[in-house]
Amino acid sequence: MPAAQRVPENSPVLSFLYECDAKVEIYVTHIDSANVSGRKGHFMMLLAINLIWLFLLVRRACGALSRYGAWFVLGKFVPEWGAAAPSLDKAFLGNIAMDLFVFLILVPIVRDFLSDVAMMRLRHGFPQQEIIFRKPSPSTIANIISEAPEKRDAYMKELLCRAVHPEEMKQVAFGMPWEEWTYDHKAMAAAWESDKKGVINAKTWELCVWMKMKDGWTAIEQGKEIDPQNQVGMMEKLRDRLRAMGKSHVFNQMMEVIQVKTMTKDGVALPVTENVDAIIADIFKRNDVDFEKLTSELARDAPPSARFTNASKKTD
């Protein structure tokens with residue numbers, strides 16, 4: 001399984017993540033080394049699409065002045081601006097529905113393009129290696145919330161597996177609200193500035209999932225498996241901590257579950273299922289041990305990943 005580690009409190013990476021959008025709880029980062037001309041072509045396509053959206057918005061806004069009686073009212077004060085009163089028929093209701101759809105969907109798209117995408121390209125251009133920050137789109141967040149609690153973890157795993165798949169990362173985004181992931185261009189621009197200033201090395205953002213927890217951010221490093229020696233060391237620390245708490249039986253019960261549920265009689269390893277996690281969590285809960293707090297404290301004592309020890313490029 002991928003290696004996960006809490007972002008150290010003294011790391012500039014933690015400060016950076018807290019300075020990003022406070023509403024975001026998941027980031028997927030990677031370095032895009034694709035042909036620069038491809039990114040330029042994608043930007044020009046976005047520019048053309050957003051100009052079309054902008055033209056449509058202006059046209060609908062101008063037409064709304066007559067459709068909804070603005071010119072009719074103004075004509076009462078300035079006769080030369082007068083217009084016929086709007087007809088309250090089915091077409092009127094249809095225009096209301098159309099305008100609501102157009103403005104609620106297109107205004108945020110055009111606004112985000114002008115304030116985020118266009119400004120980032122204006123300031124930073126198209127670097128050979130670009131830091132990419134992706135976050136769940138509004139529709140994805142709604143899907144996560146709508147999932148039943150017992151199915152939410154499985155849905156999240158599928159979502160993240162798709163997000164880090166090489167083919168998925170090649171897919172271009174158009175900023176539509178129904179897309180699964182959206183780019184955080186402000187975070188991308190800030191990461192580029194941090195790399196340029198020597199605060200955070202760009203390699204820090206190589207393929208990784210970043211998740212906000214109660215006590216900080218956790219990095220789930222893709223393509224890097226958990227070191228078995230570190231895993232054994234963590235189990236020993238957990239055993240020693242529970243023994244010091246007078247809860248040695250909790251550790252013994254947990255090991256029994258792991259042995260029965262993850263190993264056949266022939267010694268063949270079985271995949272760890274959500275049922276195993278639920279049983280272990282219940283063991284700790286029944287014995288009044290805060291499993292999440294305990295594992296967080298143990299993770300805090302673990303040696304930091306090279307991703308964080310080499311995050312800064314500054315020299316003394």
Working to the nearest 0.5 Å, report the span between [atom1] of [X] and [atom2] of [Y].
{"X": "Leu160", "Y": "Ile26", "atom1": "CG", "atom2": "CD1", "result": "5.5 Å"}
{"X": "Met119", "Y": "His124", "atom1": "CE", "atom2": "NE2", "result": "9.0 Å"}
{"X": "Gln128", "Y": "Ser33", "atom1": "CD", "atom2": "OG", "result": "7.5 Å"}
{"X": "Met169", "Y": "Glu167", "atom1": "CE", "atom2": "CD", "result": "9.0 Å"}
{"X": "Leu17", "Y": "Thr218", "atom1": "CG", "atom2": "OG1", "result": "10.5 Å"}
{"X": "Ile132", "Y": "Tyr27", "atom1": "CD1", "atom2": "OH", "result": "13.0 Å"}

Handout entry: Step-by-step side-chain contact (heavy atoms from CB on, under 4.5 Å) determination, Asn143 to Glu180
Key = CA-CA 10 Å; Asn143 289 338; Glu180 199 165 62; over 6 Å; no
Practice task
Starting from the C-alpha separation in whole Å, work towards a yes-or-no answer on side-chain contact (heavy atoms from CB on, under 4.5 Å) for Val58 and Arg60.
Solution key: CA-CA 6 Å; Val58 171; Arg60 295 296 299 184; over 6 Å; no
Practice task
Assess the side chains of His185 and Asp112: does a donor N or O sit below 3.5 Å from an acceptor N or O?
Solution key: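 Note: His185 and Asp112 side chains miss the donor-acceptor criterion.
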Quick one: do [X] and [Y] end up in the same hydrophobic cluster if we chain Ile, Leu, Val, Met, Phe, Trp and Tyr together by side-chain heavy atoms under 4.5 Å apart?
{"X": "Leu207", "Y": "Met156", "value": "yes"}
{"X": "Trp178", "Y": "Val110", "value": "yes"}
{"X": "Val102", "Y": "Phe92", "value": "no"}
{"X": "Met255", "Y": "Val260", "value": "no"}
{"X": "Val117", "Y": "Trp53", "value": "yes"}

Would a distance-only check, ignoring hydrogens and angles, find a side-chain to backbone donor-acceptor pair under 3.5 Å from [X] to [Y]?
{"X": "Ser11", "Y": "Val7", "value": "no"}
{"X": "Arg121", "Y": "Phe43", "value": "no"}
{"X": "Lys212", "Y": "Ala22", "value": "yes"}

Problem - Ring centroid separation Phe133 to Trp210 under 6.0 Å - result: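 Centroid separation for Phe133 and Trp210: 6.0 Å or greater.
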Give the minimum heavy-atom separation between [X] and [Y], together with the two atoms involved.
{"X": "Ala163", "Y": "Val28", "value": "CB-CG2, 4.1 Å"}
{"X": "Ala191", "Y": "Trp205", "value": "CB-NE1, 3.9 Å"}
{"X": "Ile109", "Y": "Gly175", "value": "CG1-O, 3.7 Å"}
{"X": "Gly125", "Y": "Pro127", "value": "O-CD, 3.5 Å"}

Practice task
Measure up the Tyr18 and Trp217 rings against each other and bin them: parallel (under 30°), tilted (30 to 60°), perpendicular (over 60°).
Solution key: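 The rings of Tyr18 and Trp217 stand perpendicular, inter-plane angle above 60°.
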Under a 4.5 Å cut-off applied to non-hydrogen side-chain atoms, are [X] and [Y] in contact?
{"X": "Leu242", "Y": "Ser248", "answer": "no"}
{"X": "Leu294", "Y": "Phe284", "answer": "yes"}
{"X": "Val13", "Y": "Ile200", "answer": "yes"}
{"X": "Lys285", "Y": "Phe291", "answer": "no"}
{"X": "Pro177", "Y": "Ile105", "answer": "yes"}
{"X": "Phe251", "Y": "Arg243", "answer": "no"}
{"X": "Arg134", "Y": "Thr182", "answer": "no"}
{"X": "Thr204", "Y": "Ile131", "answer": "no"}

State whether [X] and [Y] are salt-bridged, where the test is any N-O pair (Lys NZ or Arg NE/NH1/NH2 against Asp/Glu carboxylate O) under 4.0 Å.
{"X": "Glu130", "Y": "Lys40", "result": "no"}
{"X": "Glu206", "Y": "Lys203", "result": "no"}
{"X": "Arg286", "Y": "Asp282", "result": "yes"}
{"X": "Glu193", "Y": "Arg123", "result": "yes"}
{"X": "Asp32", "Y": "Arg39", "result": "yes"}

Handout entry: Verdict with supporting geometry, Lys135 and Asp21, salt bridge (charged side-chain N to carboxylate O under 4.0 Å, His left out)
Key = CA-CA 10 Å; Lys135 60 184 179 181; Asp21 190 343; 3.7 Å; yes
Would the number of heavy atoms belonging to other residues, nucleotides or ligands and lying under 6.0 Å from [atom1] of [X] be above 12?
{"X": "Met213", "atom1": "CE", "answer": "yes"}
{"X": "Lys247", "atom1": "NZ", "answer": "yes"}
{"X": "Arg59", "atom1": "CZ", "answer": "no"}

Handout entry: Test ring pair (Phe, Tyr, Trp, His ring centres under 6.0 Å) applied to His42 - qualifying residues, sequence neighbours left out
Key =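 Phe174.
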Exercise for the section: Step by step, work out the side-chain contact (heavy atoms from CB on, under 4.5 Å) result for Ser194 and Phe16. Expected result: CA-CA 9 Å; Ser194 295; Phe16 179 91; 3.9 Å; yes
Exercise for the section: Just do the side chain to side chain donor-acceptor pair (under 3.5 Å) check on Thr140 and Trp181 with the steps written out, would you? Expected result: CA-CA 7 Å; Thr140 301; Trp181 295 88; 5.9 Å; no
